Amino acid sequence: MDIIITISSGFFLLVGSFLCFSGGIGLLRFPDFYTRMHAAGVTDTLGAGMILIGLMIISTDLLVFSKLVLVLLLTLLIGPTTSHVLAKAAYHNGLMPKTLNNHEKNNAKETSSSNP
Amino acid sequence: MIAHLPILQVIIPLMAAPICLMLKRTQLVWLFSIIASGLAFAVSILLLQQVMASGVISYELGGWQAPWGIEYRIDKLNAFLLLIISGISTVVLFAAQTSLEKEIPKDKHIFFYVLYLLSLTGMLGIVATGDAFNVFVFLEISSLSAYALIGMGNKRQALWASYQYLIMGTIGATFILIGIGLMYQMTGTLNMHDLSQRLPEVEQSRTVLAAFAFVIVGVCLKLAMFPLHLWLPNAYTYAPSIVTAFFAATATKVAVYLLIRFTFSVFGFSFSFTHIPLQTIFMALGLVGIFVASTSAIYQNNVKQLFAYSSIAQIGYMIVGFSLSTVTGLTATLLHMFNHALMKGAIFLALAAVIYRVGNVELNNLRGLGRQMPLTMAAIVIGGLSLIGVPLTVGFVSKWYLLMALIEQGWWPIAVLILLGSMLAVIYVWRIVEVAYFKEPLNKNSTIKEAPMSFLIPIWVLVIANIYFGIDTRLSVGVAEAAAQSLFGVAL
Amino acid sequence: MVIVAFAIIRMKDLFAVVMLLGIYGLISASFFIVMDAVDVAFTEAAVGAGISTLLMLVVIAMTGRKEKANRHKPFSALFIVLVTGGLLIYGTLDMPHIGAVDAPIHKHVAPRYINDSMAEIGVPNIVTSVLASYRAFDTFGEVVVIFTAGIGVLTLLSVARRKESEEEISSINDSMHEQHLVIRIVAKMLIPFIFLFALYVQFHGDFGPGGGFQAGVIFAAATILYAMLFGLSTARKVINQTFIQLIAAIGVLLYGSVGIVSLMSGGNFFDYNVLASDPIAGQHLGILLIEWGVGCTVASVMIIIFFNFAGRQELHQQKERVQNQEPS
Amino acid sequence: MLFAATLAIFITMLLAIIRGIVGPTLYDRILAVNMFGTKTVLLIALLGFVMGRPEFLDIAIVYALINFISVIGVLRYSDTHQFKHSPTLEDPVEKED
Amino acid sequence: MLMDLFNHWVVITLMMSGLYIVIAQGNLIKKIVGLAVFQTSVFIFYISMAKVEGGTAPILADGITQYSNPLPHVLILTAIVVGIATTALGLSLVVRIKEAYGSIEEDEIQQQDNQALSESNLEKEA
């Protein structure tokens, strides 16, 4: 019986940590603020959720289990809200997302500066 | 109740502070804080008698034995200090009510008294406690309330001076914290008496040396000794004059007490004076401090700044007495603590009266005040004379003991330097006398009346004490002598 | 950790410095956890990462973000720093190694706390038992330090508020509402939970990490969240200034009176054994009352500090708004 | 297994710090702090299990709350007028790279 | 051997960087941040002193014999509160200085002070 528990918790932990890790890398590599927002926001909530579920499976007594449920609920509630507020404040203060036409304008600028 | 005196000493002003916050009218708050400070003064007198009679009193807080719980250890040295601090604070509080009307906005008076009582508690706590970490905690209480009090000054430089004092004071306190941490690491205990027994075993290790260095530097920062004194002149000049009177007479003395307590009681006399050439360093710094501070005092226009620099010079005298590391040397330092508190208290209170009447203390505004405010200016002159060390005043007694200690050691060139230092003091006192008495007031019809009675009583109490203890030195010299012997005889 | 510290030195933009200070506080708190200091991690997280970053932010909102060019005096500073650093490293050469079981501090005073604190005080969390009973006077000094800081901030920053009229408050409230719609709903859900959690931490101090300080700070954090989202004036209506000062004073008095009661009934100043019939119950009662006193003072002082800072910040905003209208 | 997870979380925190220091605009830094906060919550939960002392979860809860409040605080006080023009100030930087 | 003392040297580098910020940087808020860094590093020094190899957190639980030393934890709880009190007071002073002087750069404030002083001397001679 406990083999299944360890395997399943191991599985959840692995997937969770992989998600967090990918979120971290995404945070660094993405060019624009909003794409980084996306990377961080998604992996935060999902990765954390997976790891916490993994921990819940191997937790021994009820008190620890209930605390873990509490932390899970909290992260699920807080994660998206903070990302929402962050994005709204950024947009509200005029941080324009780097949309496709920006790219064309830049490429147009580069090409025009390069060929004459 | 007699058994609980040591703790009552600190608890009375401490509990009075939050109660003051609850009372609404400033009149009531002022009376309440005078009663609290007076009670603390009475307790310190009783304590002194008990200590002189029955030697060291030890009081375990919470009923736990010494190294485990916190212990209050009152011996002759800190009973003497407790007396000075609570005495000065009670006298200064008398003049607080009238002096505040001109300097602090009405709605802040209650906060002033609460902070005043808290800084009094902090100082009494530092002096009374026998536990190293407790010293740090009460040091923070007294310095935090000091920053806030100085910040209440009405001129904008007060804020800047208080900020500088905060930065330097916190660095000093953190140095002391590092020193205590290192000491704790090597001995495993925080109680000073226990430390003094366990330190000799680990004395050779470099950590104890580093701990000693950190504690000494931290205390010297608080002490405003010569190289580290930059915060003191501004802080004392721009603070409300009542705060300057209280701190000039007590704050630096508490730091000198800490210096003596750590070098003699905790680290032991042999360690602190033989291992490191502490003697020569302190002697040199003390002397240089005297001369630099006195010369810069001469060029000051603001009289409060002038006496702030002279305080640094007086601390230089204490350091010289301390660095002699002989019984008479230490007695001279303890004596000078007592006398300096009286002198500076009287002078700064008189300046508070002048500020109350004239508005500021620029030198040329004091023209002809000798005639308009005879009693206050007389107090300043007598205080100045005792600063110089004229016979029949308190200053003479401490200078005399210092010179005796120096000649006893045979270092008569330093004795000559000390006399030269007092000559400098003559110059800056003469500057004030000349302006006040021999110059005509600027506008003929200036109607500056004499300071109100609430100023004159405390000023003249201090001035009479100045003269009385100059003549009948039984109390001051007796206690100082006994304290010095107890420090040299047995380590605590 | 060191990277963050050096980054703070190099960083010019004050806002980034505060952010890095937040991260620095979080790292040091997690370091405390690795080093088994559970209570300390709790307080450092709540205070170091939470409140001090918030206060710095409010101050930066008032004083502007950019830092002027560096001063020409780095060399003398470098010299002082190197000297003290050298002295410290010189000092560490004889130190017992990290985690060495035979270090002097584990032999002299501490074993008594570990071995017979259960017998004498009956509280599982040794840190709380040492904090509240063996060295109760230290904590009393600490409560007074917090009280002094609160009064100090009050004297420096308290501004005489003119009575805002009713509809002005509601107008601010509406403008706040449509601006932060989502957050206010989430906050409405969260704030009662945070208050409950603060009380849990307050009374849980004996068994697990927690106690008066942490509970006070969490309680204040919840009120600050409320004040930020629902506007300072509404928050002031909920908790007015004089009431909060009263609670701060009562907290200190409660703490002191526990000592005085034990004084009256024969024991030394903070001797709880005398409080109740048998010593253990007396200790429990004493520790509970003391934690309660600490919690009240810390919570009310933190609220005072934040309200004064935010009040001063609003004063600035009104002044700027007035300035903007005049010239334009 | 737990150890691998703690290692992964630790690396993500390092990445977040790098973004925090480098991050051109103000909001990148807030994002880095937010991500760093949530990751520390996880780290503590994992450490609690690695070290076998489940009391750590109280601290994890406090962490989550404090992180939430500080991010709200940052945003609440970052829309005052000084910051209004500064993100756009930094914006041209954004467009060039 | 080196590894054990490594922890102390990390703490010392942090202390020195905090001290450097306080002394070298001109901005008043930067000084307070430096002070906070300096104090936090002292706390880390105390806690790393208290750790016992294989010891767990000082909460009595059955079956565990080896605990790390609780005393430095108590000292640090006091020191953290003292640190936050000093920071709060320092920040309130910075706000007041900003209003009084209009700037929070150390050399500008010094300049304004010296100016005020020289003006008062000038009008004294006049």
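On a predicted model such as this, the values are computed, not experimentally measured, just so you know. Labels below follow one simple rule: chain letters A, B, ... track the order of the sequence lines, proteins then strands, and each chain is numbered from 1. Side chains are part of it too, since the values below use all heavy atoms of this structure and drop only hydrogens, waters and symmetry mates.
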Considering only heavy atoms, which portion of [X] lies under 4.5 Å from any heavy atom of chain D: side chain, backbone, both, or neither?
X        : value
C/Phe306 : side chain
C/Ile51  : neither
C/Ala187 : neither
C/Ile33  : both

Min side-chain heavy-atom separation D/Val74-C/Met19 under 4.5 Å: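 Yes, at least one pair of side-chain atoms sits under 4.5 Å.
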Looking at [X] and [Y], what are the two nearest heavy atoms and their distance?
X       : Y       : value
C/Ala45 : D/Ile66 : O-CG2, 3.9 Å
C/Leu57 : D/Gly73 : CD1-C, 4.1 Å
C/Ala29 : D/Tyr63 : CB-OH, 2.8 Å

Tell me which of these, C/Val58, C/Thr53, C/Val18, C/Val186, has more heavy-atom pairs under 4.5 Å with chain D than the rest.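 Maximum pair count with chain D is reached by C/Val58.
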When heavy-atom pairs shorter than 4.5 Å are enumerated against chain D, which of C/Leu26, C/Leu225, C/Val217 gives the highest number?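 Maximum pair count with chain D is reached by C/Leu26.
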Let me confirm one number: the [atom1]-[atom2] distance from [X] to [Y], rounded to the nearest 0.5 Å.
X       : Y       : atom1 : atom2 : value
D/Ile17 : C/Tyr24 : CD1   : OH    : 12.0 Å
C/Ile23 : D/Met35 : CD1   : CE    : 11.5 Å
C/Asp39 : D/Ile59 : CG    : CD1   : 8.0 Å

Could you go through C/Val201 and D/Asp58, starting from their C-alpha distance and side-chain angles, then the distance that decides it, and tell me whether this counts as side-chain contact (heavy atoms from CB on, under 4.5 Å)? CA-CA 8 Å; C/Val201 164; D/Asp58 296 354; 5.9 Å; no
Interface moiety of D/Leu65 toward chain C, non-hydrogen atoms closer than 4.5 Å: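 Contact with chain C is through the side chain of D/Leu65 alone.
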